[in-house]
Every structure is written in C-alpha cells, then in structure tokens.
Amino acid sequence: LSKDVGFFAIQMLETSFQFLPEVADTERPKYYTPKNPYPTPSYYPQLPPPALFETSATFEKFDIDTLFFIFYYQQGTYQQYLAARELKKQSWRFHKKYLTWFQRHEEPKAITDDYEQGTYIYFDYEGAWCQRKKTDFRFEYKFLE
Amino acid sequence: LGRDLTTLGLSLNSAEPLHGTFASPWFEGPTSSDVEAEFHVPACYN
Amino acid sequence: DNSVLREQLAFIFAEWIRVYQLPTSNDKDYGAFINSIQQQGVLKGEEISSLFFRVCTEMSVESYIKYKVTNTAAAYQGVDAFVKLIVTLVKHYSDPQGVNHSGAKVTYLTTLLSIIVLVLAQAHEQRRGQFNQKPFLRLFSGLLTEMMTSYESSPAMYFQILTAFSNTFHTLQPLVFPGFTYGWLSLISHRAFMPKLLLAENGKGWASFQKLLVCLLRFLIPFLVGGEMRDTTRELYKGTLRVLLVLLHDFPEFLCDYHFSFCDVIPHSCIQLRNLILSAFPRNMRLPDPFTPNLKVDLLTEIHQPPRVLSDYTSSLTVTLKRDVDTYLRTREQAPFLENLREILAMDPSNQDLYSGGSKYNVPMINSLVLYVGVNGIAQLHATSRTNSDAAAPASAATENGTENGTAQEDSNAVSSPQGTSSSPIAQTAPMDIFQRLLMELDSEGRYLFLSAIANQLRYPNSHTHYFSRVLLYLFFEASQETIKEQITRVLLERLIVNRPHPWGLLITFIELIKNPRYAFWDHAFTRIDPDIEKLFDSVSRSV
C-alpha cells in the first residue's frame, strides 16, 4: 500500500467519522403494540377505512397546515405525494434548494426564462411552523421541483 | 498507559453476557428494543 | 440506454414502498406483490433482476440522502422497505430443481448482497468526501435482524446466511472501503451477527470472525503506530476496545485460541489492547491469585496442558527457515542460519508498507519462530522427563521437591548453581541455543521484538505460559550484559504499568523476577538509574 493509499484511507476515514452511526441508524423505533388490546365493540370499524387516505378527494378537504404536516412528516409515503399534489393545485411551488413551498403573494415584478422575482409567501417548516412573507425573492426555475 | 476500561460503558462485572445488550461500538447503554416501554393502566381505571 | 427500463423499475419499487407503508399490509399483500412483479418478468433472468435490485439500492440510498435533513425515521423508509422486499423474496425463493431450497435461498441472498456491495463501492468511489455510510449500515443491519428473526430456528441454514454476511463484510473491510469503517465495525459487532457467529455449534464461525477482527486490527496499524491520535482514530480505537471487552467477557476462549493472530497485527505500542487479549482465559478455569505469597505455580495441574492455538502460527516462517530450525532442533549441529538471524528476520524492503507497523523486522516471522521453537522445546522437555522417569526407580517420580516432574523447582534451584552453568532442563538445549543466539545476534530493536514475542505467551496457566516464563527468567539470569537484563525488565514492566487487565502469566513472571533472590534484581544498577524509575519500581514492587 503506497503512501497515497494512506492519504486516501485517512481522508475516507474522516468521511466515515463525519457520519458516525447513532442509535436511530440501526435501531428501529419501538412502536407501542398493546399486549392485550381492549376489544372495541364490533360496530366500530376494526380497521382504518380502506383507501380513505389514498384518494386526492380526501386531501382537498384538508387545510393547508395539515397538508404541510403530511408532506414533512409522512415522507416517502404515498400520502406525501397526494399532499404535494394538492399543494400544487393550490398554487404552491416546491423549491428544491430551500426544501420548502412558495406561493406568489402578488404578480411577480419580473419573469424570465430562468426565474421570476417578486413577493412570495413561503412555509417555514424548520422554525415556527408558519407561513412567512418574503419580498423581492428570486425563484430560479432550476430549483423548481 | 491505556485507559480505565471500566469507563467504557460496559458492565464488565455482569454475570449476564454483554452481547445481548451491546448496542454499538459507538454509543453506550442498552438498545431501545431492550428497554421495553412499560405502559400501565392507572389504578383508577380498574 | 436503459433509462426507460430504470424508470419502470423505479416505479415498481416506489409501488412496493407504498405497499410496505400501509399499516394494513400483511404477508398476503406482500406475497401478492411478489407474484405481480414475477409475472411482469422483473425477477426473471439475471440481467433485469440485477438491474432491479441495483435500482432499489440506489433509490433507497438516495431517498435517505434527500430526506435525512428533516426526519431520520422517515428517511429510512425506502431502506426499510428494501429490507422487507429482500427478506420476502428470499422467503419465497425456492430451488428450481426442487432439491435444496435452503441452499438456493442462501445463494440468492448472496447475489443480492453482492449487488448492494457493488452500489456501495461505486458510491464510495464517486462520492468520496460526501460518501454517507448510514443507509448501507441500516440496510445490512436490517437484513441481519430480519434474517435472525426468520431463520435462527433453522441452525444449518442460518449459519450459511451468517457466512454469507461474513464474506460480504470481509469484502467491505476498512482496508478497501475506509469510508465505511465505522458502519462496518457496527455491523461485525452487531448483536444479530457477532454473537450468533461465535455461538454457532463447535465454534465453526470462529475462523470467519477472526478474519474480520484481523482486518480491523490491520487497518488500525498505521493510525496507531503514528503516535499522535486524531479524533477519528481515538473513536475507532475506543470502539475496538468496547468490542474486544464484549469478547473478553462473553467469548474469552475465542480470544485465547486466536491470540497469536491478533498479536501479529497489534502494534507493540498498543500495550493495553494486547494485554486485553492476552488476559483472556477459559471460563471453566479458576486462576490462583498471582499475589498469593509462596504460590507454588509448579503444583498447578494446568501448567502441563498445552493451550489450544487455532492460529496457523508457522505460516510466517519461510520453508527454508523452518527446515533449518527443524534440523537444528533435531541434531543441534552448528547451522548457518544461526549466523544470519538478523538478515533472515529483517523485513523485506519490497514488503515494507503502511501496514507492516514501520519496523525493519518481520514481526510475524519473529513471533512464529519464537512460538515454533518453544513448542518444540516443550515437546523435548516432556520427552526427556518421560525418559528420565522411565529410567529412574518409580519412587523418585516425585522428586525431593514434591513436584511431579520437578523441572520447574529443579529449574529455579538449578539457576542458583554457583558456577553459573545450569543443569536446568531448559538450559543447554537446542531451543535455548536459538533463544540465546537471538538475544546475542539481534540489535536492540530486534531483541525487543524477540522478547515481546516471548512475553506474548505469558497468559493463563498452561504449558506455554510456564515454559516461556522460565525461558525469560533463565535468559535474564544467564545474560552477561546489563542492557539485556534491563530490556527483559522493560518488556515485562511496560506491560504492567498500563491500566488493567494484566495477563496472569506476566504477573507471575515479574513477581518471580523481583522476589526470587536468585536473580538479585534489586542489585542491578538500572533499578536505580533515575529517581522516577526508582519510584516506579518501588510502587510496582509494593503493589506486587
């Protein structure tokens, strides 16, 4: 193993150290499964109603906050896909760089082939979980999902 | 001089095998699956 | 050109994730899905099925990378779904000839594991500084857990599955994929892997696991020999210690039987790490307290039992050297190799690399030579003592010292004989000639490595510990140069002043050295060479 292999090993070991495994990486979260579930009366539905959350009609009824909740906390699921579709229908646009949704607050001041610029509302999912206003924002289309 | 190996988070005097609760080389303590969350119905419901 | 096909396969996997996500899904739904993709021909033919699993692996990894920002549990949904898909496919897989279903399943799993390795290798190569081991760690640990749940109750097949994982992890070893090192150590020490492999009947998994542990220690060498430890090395070293402590606590016999392999790849500066391995002793053995006053080691029955050594400890000897040593041990006639020991044991410059520990000597060869000569020495002793006892009247089987073969007692009495020569049975023997020659021929570094090789055999009570303990004490007594006595002391002392654990045989030998007036230990100038050294010896002798 020549010297530069040593350098490669050191560099890649740093990379591996950067992503040091944590508990959540190998342990599946233990969901509570009742040992002896209380028998609910038969007139209650025993299973979630089939496909209720599989149709976009259901998602039209959800308010915007619920749609954002499903989008950010049911990631990788079909429901996320339906929520995203509903948000788009309501004129929200996903920004791939900021990983959040923007909606025009008014007609943009400038629209070119590469971007549009103006005042927008965007959803702050990291901070206060609310909608915020952003003036003079340039939405580059290369970031439009 | 090495280090005090009893400070590495393993109960070395345990009569039980350690491998059953050895979660990882990188962090200490039993795994979540071993610490079964116990849920008890409060007495007032009985 | 297969982007369209990839797109279709990606959609099928996305569909699988949806099925997997549904809380109402059950084995029936999973089976139905498998049937549907079988009918679509996705699993037919090596090429398309390999592409399908490659797409699944890549999508799982990408979805993790994309979503890990906000939510780890959600980020792993693709990976967890892929684990479920693999487990379900293996479960449904059967031997086309209808003969050996479990063998067919294992072969199928091995194929899938190799595809994952390919994707990891490509990501490791292309993403370099951005390579993220976590999704692959999750994938393999999920498979280990699921396979344990599904197949632990069929030991024969389960062992084959563990072997498939062991081979995969050997391929993914840190020397080849350093970017996967921390994930790799998590996997080989995983509670659904390490203990299962080591608990497999008759220790049939030990050789595989020993190979993995040697890979880790070999990788560590250049990071540890350097001296200053970076955070990365410190964390890796600490993780290694934790894994070895679990082995010492739960599988000491494994460490005992492979101690030689591990000592070959542990840098001599990692004294505590090496002590940890040499301190292991079989759980059914009770060790007498080394500090017991007037402990009669010679009366322990265990000192006549050879330890089990599963390592191939002669592999580092060249054919020529082994042949010359055998001839000399048999005939004790002057031999050229005794004149060239320094050249023979020097590291071949072309083999010099980061992982040879930086020494100019071939340490594994020295270790092999010492143990090989020692094992022959013990055999000769037993042969001699059998001949003597046959020849002598039965009554003298127990010599005046009340010990069976009296060798040790005679030995320690013998070294005190006034003219300095010795009638000790280990003296004036071919093995001792070789040891004394090594002491004279080698320079300080070579002598240190030679004495370390002997000290590596000072473990729990067994015939090797007993023999090499006497060899070391005899070399100390017979040494004409003060520096050699000093070096023998140093090799023992540096292993005792580090934090515990300390091997039993090491303690016994050092106690004998400083307590037995025969060695006149305290008369040697080096015990007072410096106030700190004097304090050190005082504190060690007090604790002893």
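Letters go in sequence order (proteins before strands), and every chain restarts at 1. Computed from heavy atoms alone, side chains included, the values below leave out hydrogens, waters and symmetry copies.
Judged by distance alone, with hydrogens and angles left aside, the side-chain atoms of C:R242 form no donor-acceptor pair with the main-chain N or O of B:L10 at under 3.5 Å. C:R500 contributes no side-chain N or O that, together with a main-chain N or O of B:L5, makes up a donor-acceptor pair within less than 3.5 Å.
Considering only residues two or more places apart in sequence or on other chains, C:R283 meets the salt bridge (Lys or Arg N to Asp or Glu O under 4.0 Å) condition with C:E253. The side chain to side chain donor-acceptor pair (under 3.5 Å) test applied to C:D532 returns C:K535, not counting sequence neighbours.
In this structure, the portions of C:L185 lying under 4.5 Å from any heavy atom of chain B include both its backbone and its side chain. Neither the backbone nor the side chain of C:Y237 comes within less than 4.5 Å of any heavy atom of chain B. Both the backbone and the side chain of C:N499 come within contact range of chain B, judged by heavy atoms closer than 4.5 Å. For chain B, the nearby parts of C:L236 are the backbone and the side chain; heavy atoms of each come within less than 4.5 Å. Heavy atoms closer than 4.5 Å to chain B are found in the side chain of C:L199, but not in its backbone.
Remark: C:L273 CG to B:R3 CZ distance equals 12.0 Å, nearest 0.5 Å. Rounded to the nearest 0.5 Å, atoms OG (C:S186) and CH2 (B:W26) are 6.0 Å apart.
The candidate from C:P501, C:C270, C:P195 with the greatest count of non-hydrogen atom pairs under 4.5 Å with chain B is C:P195.
No side-chain heavy atom of B:H19 sits less than 4.5 Å from a side-chain heavy atom of C:L198.
When the shell of 6.0 Å around CG of B:N13 is examined, it contains 12 or fewer heavy atoms from other residues, nucleotides or ligands.
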